[in-house]
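Because the structure is a prediction, the values reported are computed rather than measured. Quick note on labels: first sequence line is chain A, next is B, and so on, each numbered from 1.
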Amino acid sequence: MQEERLKLPILSEEQVIMEAVAEHPVVIVCGETGSGKTTQVPQFLYEAGYSSDDSIIGVTEPRRVAAVAMSQRVAKEMNLSQRVVSYQIRYEGNVTEETRIKFMTDGVLLKEIQRDFLLSQYKVVIIDEAHERSVYTDILIGLLSRIVSLRAKRLLPLKLIIMSATLRVEDFTQNQRLFATPPPVIKVESRQFPVTVHFNKRTPLEDYSGECFRKVCKVHRLLPAGGILVFLTGQAEVHTLCRRLRRAFPHARPRPPENEDQKDSVEETQKFKKSRARARKAQAATLPQISLDSYSVLPAGEGDEDREAEMDDEEALGSDLDLDLADDGADGGEQPDASLPLHVLPLYSLLAPEKQAQVFQPPPEGTRLCVVATNVAETSLTIPGIKYVVDCGKVKKRHYDRVTGVSSFRITWVSQASADQRAGRAGRTEPGHCYRLYSSAVFSDFEQFPPPEITRRPVEDLILQMKALNIEKVVNFPFPTTPSVEALVAAEELLISLGALQAPQKAERAKQLQRSRLSCPITALGRTMATFPVAPRYAKMLALSRQHGCLPYAITIVAAMTVRELFAELDRPAASDDELTMLKARRARVAHMKRTWAGQGTSRSLGDLMVLLGAVGACEYSGCSPQFCETNGLRLKAMLEIRRLRGQLTTAVNSVCPEAGLFVDPKMQPPSESQVTYLRQIVTAGLGDHLARRVQSEDLLDDKWRNAYKTPLLDDPVFIHPSSVLFKELPDFVVYQEIVETSKLYMKGVSAVEAQWIPALLPSYCQFDKPLEEPPPSYCPEKGRVLCHRASVFYRVGWPLPAVQVDFPEGLDCYKHFARFLLEGQVFPTLAPHRGCLLSSPTTMLKTWARLQPRTEILLRALVAERADCRDALLAAWRKNPKYLLAEYCAWLPQAMHANIEKAWPPTSDL
DNA sequence: GAGCACTGC
């Protein structure tokens, strides 16, 4: 091990790095995979004494596995115990008093900043893999730039080291707001084996899967031993290619029958016609950029012929390993056959862990390993023994519409950096080759780097975290790359309507809306919500769930909504008739179980969220056995994650609200009928901006509105997803977890809402009419407020909503009603006995001619002067002045009673 | 009547 370490190129840079760290508060270290920076830099710092005096060297990683693995590796290299070199991730850690080097995920450090803004335990913080630009990394760098200067002022300097695998660091160095003086950048060589890159001469306009198939066949038939790694974009593609390859190179049967191959190809073409049509559409949009005919954009001298010639030179370097020359369809048959069986394995993130693990095993004796993977293999997982990479050049990414929040999945070209990262996977153990299924001209049109995540997704969760750190003006925060203003505004608006931020005052609203919008302070509710490590909409649900014993259920639902893909993928193409029968049976079983878990009546109205609750409840009841998951189509990994998240949320709720005394009950009973109703309301309150209404009189509309819903922000019809238990139910109002655009706009995670709940639970989205006279306003002794009935309409879309009882709106009329109830003795019962002696009827307060009577006028004025339109305000006024309102009240009663009233004033013992 | 890449608290 020590020998291995000595080979690392970074060791010759130790002095340069340590001098830079000594002289500068912030240092950037750039070195590709294989430079050893992650394992070595912490050791340099340790040896230089940066963890003396009980302080710690912190290292953040963007993934949990990396944090755990790195801590173990560094402990071993340094011959130190894991008590000294430790890790901390979301659910677990082995940090002790002795810990000096602490590896953690970036989110963990962000939480620590919430507890101790100055991070006083640390003398150095290393942000690893900063080039990946994950949202937490970006926010950490922004925060740390401030923490570094605060610590310098206190003469307790903190060192920040940003480590990046690429040289794309201008966002850090050229950003004056982030670092006033640009930090020094130290480059470290890497010790990778060379990878020869081969471009296709032509770029297939569609069917890159077929192109992958042909390329793998050729590599396998023509080239020496060594694993093959193929990059595709999704699960379905991965499975299809695996199947084709297995048929082409069956184990123990080396010769692939050519016609079989053809037939398969036709079959697949049929089957995936739809998805190809979509892919074609996506490609058509980008076609102008990649057209091989538009050479006019190239510099002079790089015309058609030159390019071909240049390519040929390039390819000549690849010598016998170059496969492009055989691109004329004469593959297979006449080529020399290696007769080597191909060991084909799929790999993607949602694949069961035991199946993922197969790619790390050596392939069976006498076979060649071929892994067909999605992007997981680009950064998250490293497969040993790969010598050949086949890269389709595409990636599937989630795309959010900034205005509507609708997400869709799009297949686009990767960036140059990603393509290089993929190529690098061929050079981990020996020199390798990368076959790119696109031309070098197309490659040169790729974006240089993928855009930072923070610019591609909603940011309400980040904004809430920042507000909890008392960063009010988020636009002024030194983001390495700032999110769009629309995204920031949308986040603040959502947080305001959830009650997590204070709404700007009405006066301000008129004047300087934009400015005040982006600097709203956090509310007490917002602080509570920020302690729950889930999306703000879900945090709101938790904050509401103390009532009626709903917490354990709300926690479970929120945990299940947070963990992705509860149900296993059963739609994959079957490899055999047996598998097909099995898949069909399992799909039927899952559909049946979903209906069972949804139940009947109000329970069914909770919809897909009831299914989540039922599934988790049943699974936990079974002890979360792999068998239970298997037969019911649940992903064991998802269920275990939900269990851990329930534990974490339970702890979080208990610490906000110790009297709840919650625990995770594996034998949780189903919620009662009334609890389900409360849960439905809790869910409605959290998902208020995700409300949809069944279209009215749809028979009059275009056919495209059949079974459709309307939402406030979308003009197009949206639909309940066919996998939803409410698919055929079509309730008048629903809330949904998300809308995904595929062939249509589909709502997923759907729950039914009663119309009368909307104005009561989502008042901030409703525009209310004047208070109704019938039923008349009343006084609520519990709230100490005047209530009334009001009709309303839902914002933007103007959906009419039924009149419901709400607080009487602020204004003169509210004082009048309150005065009346006060005189009637409803507010303070000790005043009730005087009622018969009043000189005027209390309802006089409400009459339009009330001003004719001085006693109504003076009472009203006195109430308005202290803003006393409810009991609490009145009590507050009496705390300041116990004689408050005495004279005004006495004006309503005969002189003879005044002395006794004065003795018993104020008429309450609640002060 | 369907088809979603990848991650962190």
Side-chain angles (χ1 to χ4, degrees), chain A residues 60-67 88-91 93 104-115 129 132-140 231-240 271-279 347-351 373-381 394-399 407-412 414 418 450 453-454 456-457 461-462 464-465 468 530-536 538-539 559 562-565 567 569-573 587 591 641 644-645 648-649 651-652 706-707 719-724 727-728 738 740-744 746-748:
Chain A
T60 72
E61 295 291 331
R63 280 168 292 281
R64 293 180 200 157
V65 274
Q88 179 69 51
I89 61 175
R90 182 164 190 159
Y91 303 112
M104 65 203 123
T105 37
D106 42 19
V108 167
L109 188 62
L110 192 58
K111 282 281 163 191
E112 287 190 16
I113 292 178
Q114 269 175 25
R115 285 195 294 271
E129 313 281 13
E132 289 191 19
R133 302 298 305 274
S134 81
V135 283
Y136 287 157
T137 306
D138 270 19
I139 297 218
L140 276 179
F231 282 100
L232 280 175
T233 68
Q235 281 184 47
E237 279 175 11
V238 164
H239 279 295
T240 305
K271 191 164 272 167
F272 288 93
K273 211 163 59 183
K274 266 207 245 162
S275 60
R276 275 189 198 163
R278 272 197 294 281
L347 181 65
Y348 47 86
S349 165
L350 289 174
L351 191 68
T374 63
N375 239 14
V376 258
E378 192 180 301
T379 47
S380 304
L381 294 172
K394 302 278 181 155
V395 67
K396 181 155 28 188
K397 272 189 177 168
R398 193 184 190 115
H399 178 272
S407 52
S408 55
F409 287 84
R410 298 183 186 174
I411 295 175
T412 60
V414 297
S418 294
E453 190 195 356
I454 203 166
R456 302 194 20 100
R457 76 167 184 71
D461 52 344
L462 308 176
L464 181 59
Q465 294 305 316
T531 65
F532 302 140
V534 289
Y538 303 162
T562 301
V563 172
R564 67 175 184 149
E565 306 299 336
F567 292 95
E569 171 71 69
L570 297 173
D571 289 335
R572 64 176 178 270
R587 280 198 286 261
E641 180 80 11
R644 297 200 284 182
L645 185 50
Q648 197 189 21
L649 292 177
T651 309
R706 183 198 301 267
N707 296 336
F719 299 88
I720 296 179
H721 192 272
S723 66
S724 169
F727 176 59
K728 289 182 178 153
E738 58 168 357
V740 179
E741 181 175 13
T742 52
S743 54
K744 289 178 178 175
Y746 283 112
M747 297 182 277
K748 301 184 133 188

**Q.** Donor on one side chain, acceptor on other, A:S418 and A:E378, under 3.5 Å
**A.** yes
From [atom1] of [X] over to [atom2] of [N], roughly how many Å is that when rounded to an integer?
X: A:I113; N: B:dC9; atom1: CD1; atom2: C1'; value: 12 Å
X: A:L350; N: B:dC6; atom1: CG; atom2: C1'; value: 10 Å
X: A:E738; N: B:dA5; atom1: CD; atom2: C1'; value: 14 Å
X: A:R398; N: B:dT7; atom1: CZ; atom2: P; value: 14 Å
X: A:L140; N: B:dT7; atom1: CG; atom2: C1'; value: 14 Å
X: A:E741; N: B:dC4; atom1: CD; atom2: C1'; value: 14 Å
X: A:E132; N: B:dT7; atom1: CD; atom2: C1'; value: 9 Å
X: A:E129; N: B:dG8; atom1: CD; atom2: P; value: 13 Å

Q. For DNA chain B, whose closest nucleotide is more 5', that of A:F409 or that of A:T562?
A. A:F409
For [X], report the nucleic acid contact type (base, sugar-phosphate, nothing); a contact means any heavy atom under 4.0 Å.
X: A:V135; result: base
X: A:K744; result: nothing
X: A:R456; result: nothing
X: A:Q88; result: nothing
X: A:Y348; result: sugar-phosphate
X: A:V395; result: nothing

Establish, with yes or no, whether the OP1 or OP2 oxygen of [N] is under 4.0 angstrom from a side-chain nitrogen or oxygen of [X].
X: A:S723; N: B:dG1; result: no
X: A:Q235; N: B:dC4; result: no
X: A:T742; N: B:dC4; result: no
X: A:R64; N: B:dC9; result: yes
X: A:T379; N: B:dT7; result: no
X: A:T233; N: B:dA5; result: no
X: A:R564; N: B:dT7; result: yes
X: A:H721; N: B:dG3; result: yes
X: A:Y746; N: B:dA2; result: yes

Carboxylate-amine/guanidinium proximity below 4.0 Å for [X] and [Y]:
X: A:E641; Y: A:R644; answer: yes
X: A:E738; Y: A:R398; answer: yes
X: A:R410; Y: A:E741; answer: no

Let's see if you can work this out: which of [options] has an atom nearest to the side-chain heavy atoms of [X]?
X: A:S380; options: B:dG8, B:dC6, B:dA5; result: B:dC6
X: A:S743; options: B:dC4, B:dA5, B:dA2; result: B:dA2
X: A:N707; options: B:dC4, B:dT7, B:dG1; result: B:dG1
X: A:R63; options: B:dG8, B:dG1, B:dC4; result: B:dG8
X: A:T105; options: B:dC6, B:dG8, B:dC4; result: B:dG8
X: A:K396; options: B:dC4, B:dC6, B:dG8; result: B:dC4
X: A:V108; options: B:dC4, B:dT7, B:dC9; result: B:dC9

Q: Mind checking salt bridge (charged side-chain N to carboxylate O under 4.0 Å, His left out) for A:D138 and listing every partner two or more places apart, or none if nothing turns up?
A: A:R133
Q: Taking side chain to side chain donor-acceptor pair (under 3.5 Å) as the test, write out the residues that go with A:E569, two or more places apart.
A: none
(Q) Is the terminal nitrogen or CZ of A:K744 (NZ for Lys, CZ for Arg) located under 6.0 angstrom from the six-membered ring centre of A:F719 and within 45° of that ring's axis? (A) yes
